[in-house]
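Labels below follow one simple rule: chain letters A, B, ... track the order of the sequence lines, proteins then strands, and each chain is numbered from 1.
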There are 4 protein chains.
Amino acid sequence: MSDRTGTRSGGRPRDPQLDTAILEATLHLLDEAGYTELTLEEVARRAGTSRPAIYRRWAGRAPLVLSAIATRLDVPSPPDTGCTLCDLAESFNIFLAAYRTIRPDALNALYSECVRSPELQERYRRTVVEPSRTAVRRTLEHATARGDLREDADREQLLDFVASLVHYRVLFGRHLSDDDAERAIETLLRGAAVDYGALLEHSEALENGHLDDDGTHHVHIGG
Amino acid sequence: MSDRTGTRSGGRPRDPQLDTAILEATLHLLDEAGYTELTLEEVARRAGTSRPAIYRRWAGRAPLVLSAIATRLDVPSPPDTGCTLCDLAESFNIFLAAYRTIRPDALNALYSECVRSPELQERYRRTVVEPSRTAVRRTLEHATARGDLREDADREQLLDFVASLVHYRVLFGRHLSDDDAERAIETLLRGAAVDYGALLEHSEALENGHLDDDGTHHVHIGG
Amino acid sequence: MSDRTGTRSGGRPRDPQLDTAILEATLHLLDEAGYTELTLEEVARRAGTSRPAIYRRWAGRAPLVLSAIATRLDVPSPPDTGCTLCDLAESFNIFLAAYRTIRPDALNALYSECVRSPELQERYRRTVVEPSRTAVRRTLEHATARGDLREDADREQLLDFVASLVHYRVLFGRHLSDDDAERAIETLLRGAAVDYGALLEHSEALENGHLDDDGTHHVHIGG
Amino acid sequence: MSDRTGTRSGGRPRDPQLDTAILEATLHLLDEAGYTELTLEEVARRAGTSRPAIYRRWAGRAPLVLSAIATRLDVPSPPDTGCTLCDLAESFNIFLAAYRTIRPDALNALYSECVRSPELQERYRRTVVEPSRTAVRRTLEHATARGDLREDADREQLLDFVASLVHYRVLFGRHLSDDDAERAIETLLRGAAVDYGALLEHSEALENGHLDDDGTHHVHIGG
DNA sequence: TGCTAAGCGAGACGGTACGTCCCGTCTTAAT
DNA sequence: ATTAAGACGGGACGTACCGTCTCGCTTAGCA
């Protein structure tokens, strides 16, 4: 749970309830005050302990908050309905999910501090960024396998486009509507889809309840 | 130059050399230490003055650094060579320029602090973000006028795509190569261009020295 | 009224209402907050003016407060009832009077600051100390003339004894009772009176209403 | 050594060298600049530490200076030569001693600040005032036991007279000469001695080397 | 009576010192 | 041996007040 597990051979065992108390205090404080306003002093106070007890477990504020965040963010599962358009729309939501779970301003302030250390930056990426990318990457792979995306389309670039757009809009307070997402998908798929028109038709068919016999949402190209 | 200019009716006039000294000290310190490590104490020390003299001019660290940054960032002019592909490639550079002028980590830490106040956030946007967007927006308008972009293409969305991609890649330390930019442009233009193939051909022609008679770089659609 | 009268040749005349307002604000603040807590800032605020207006009239806090005090302390008149014991008892009250008019702690803090400049010290003496001494000195002279005190008694020493005792006891918060004063007088007069016993008898006679025919309170030595 | 010793159970022990450095810096600064000009900032600077380190030990300037003074003032021992006049003369010196050890203006400014708090005032009394009074009180008791002072003489009053006279004269810059002291003693003893003339004769005899057989300085009354 | 310049009012300046918060570390006692 | 927790030394904060400077206005005295 904590970063600094140490040798843990002999000696007095660490109080595991303190781990929990500290992490919970951290999360509450993060919600209330944000990252910059969060002081270890106050975390210790709320956890009913002292600052050294925190430092013994984490190297500082950033690693502590990363640990705390990790207990709350859950690993997203890749959308895979067979409808590429729907899956992509859902993918936007996956990227948005982190910002709905943790205050975006806190996330950004945290990353600003993480940037100063390669390890922290990597840890932030693994904890906050990658899970969403991994899930959406899987979704894109499915779409490609399904034949909806061109084989030669740069899927990492697509990931970057989606992830960055969501990040940018959230960061600057311009919330991304479903419609925004839809139109963004259109732009991207025009460049990446084998047949964008077909994807669109299939999606509309779904909305109208015209499902395939087998109940899946495959897009029938050249059908 | 400073934020707190106030009424400035009566009273002893402000020493303008101090303004300069403070701003310069701020920029140097920003380059050396980044935003989080920048303290008003040290700024005052280097500027040969005292903290209150700074507080009299700026409300705090964030506004001070914004002012300092503003003296260094220059307003970009919109690329307009007639070659849409070239212009767009150049547009990526415009968005990158700010990060080359000011340490990206400093910019992000600064924005993290600005987020806490609507005014500061707005000020950051005006100072750091908008100039690039404005320039590139103009470029897109030219391209549209030229008939290279579809009339109904969402130009603000294009701006968001480009700006966010650059921001995201820089933020996470994955520097954007020229090739990356080129391929991103391809993806975006597939969705937004009237005739992407024609744009590509024109661009290649230019590289090979095949200029039009009139020396401009018009794209001849359907030519 | 103010210290710095200046050349006063041409130019805009000084607003005399400001003098008054400043002095009154000073006295009020002195009563409320004492000397150390009294700031020119606050005086100016209460007087509805600015600090420079004060500095134009007085060289600083100490001279200002001295001026303010001077408007309140009135010159005591020397006790002269003919009864030396009574007059001396009254003399103690004269020395006490200043401390009843102005907070003793304020007076002492003021003097502590005055000590740093010979002129201020002198001014303090003239304003606060000397008036009482002058009055009591007169009283002692009358007693001597009356034949109650020895010609060769050191009257300045007596003044010092009385003044210092009062100052010391007030300073250290041990208020001097009438009885204390009476017994102090006894001690001093044992050393300074021509015939202490006679003075005592006379005083007691007065209390019992045995006045001389002429209504004065002469002491009849050798009577 | 410092005021805020607290429980001192657990926790990192205080650096005792800092205590010393701070106190020494305080004394030096007190000698150089006086009390009002003494700033904790400068004390910290000279002691090579920071202001918080001082505040951790003392509640402010006054308690700090009181502690510093206490390290320099040594407890006077009561004069007891057998010659009451000599002892009293020496008693004046005891009261003067504090003012010779610490700048009188500093002492007074310090007391002016102490007055604002009962605890500080008490502490000042205990540190600066009482030691001298205690010593001289003892001397007076010896004189009484010896039969030189009247049993019913108010010895506390005598203490007040001597202490206050010294304080007053020093305060107002009128240094007390030996002769002044002698004549003051005369006045006081006229009121308090059993036989002032005999005390005087005894004292003069001592000056001329006429000691008693047993080498003590008894006063022979009625001899 | 109109002009000039001295002096006034007030605002704001540059700067010192304040008392506090929080950091990251050290130390003792307990487990 | 290692914990829990108190306290330490210190950097930086934002503020109050100081004493001074500058401005624009008022007014006396001269033309």
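Here the side chain of D:R14 is nearest to one of E:dC22, F:dG10, F:dC8, namely F:dC8.
Atoms CD (C:E42) and P (F:dT15) sit 18 Å apart, rounded to a whole Å. Taking atom CD1 of residue A:I22 and atom C1' of nucleotide F:dA5, one finds them 12 Å apart after rounding to whole Å. Atom-to-atom, CG of C:D19 to P of E:dG9 comes out at 9 Å; the value is rounded to the nearest Å. Distance, C:L38 CG to F:dA16 P: 17 Å, rounded to whole Å. Rounding to whole angstrom units, CG of residue A:L64 and C1' of E:dC23 are separated by 15 Å. As rounded to whole Å, 18 Å separates atom P of E:dC18 from atom CD of C:E41. Atom CZ in D:R4 sits about 18 Å away from atom P in F:dG6, given to the nearest Å. Atom pair B:W58:CH2 and E:dG14:C1' shows a separation of 14 Å (rounding to whole Å applied).
Residues A:R46 and A:E24 are not in side-chain contact: their nearest non-hydrogen atoms beyond the backbone lie 4.5 Å or more apart. Using a 4.5 Å heavy-atom threshold, the side chains of D:S112 and C:D105 count as separate. Using a 4.5 Å cut-off on side-chain heavy atoms (C-beta onward), D:E122 and D:E119 make no contact.
Classification of B:D19 and B:R57 as a salt-bridged pair holds, one side-chain N sitting under 4.0 Å from a carboxylate O. Taking the charged nitrogens against the carboxylate oxygens, B:D3 and B:R56 have no contact shorter than 4.0 Å, which rules out a salt bridge.
Take A:S50 and apply the side-chain contact (heavy atoms from CB on, under 4.5 Å) test, not counting sequence neighbours, and it matches A:P52, A:A53. With sequence neighbours excluded, the residues satisfying ring pair (Phe, Tyr, Trp, His ring centres under 6.0 Å) with C:Y111 are C:Y124, D:F172.
With DNA chain F read from its 5' end, the first of the two nearest nucleotides for C:L40 and D:D15 is the one closest to D:D15.
Against DNA chain F, the stretch residues 45-57 of chain D makes heavy-atom approaches under 4.0 Å through D:T49, D:S50, D:P52, D:R56, D:R57.
A sub-4.0 Å separation between OP1 or OP2 of F:dG6 and a side-chain N or O of D:R12 is absent.
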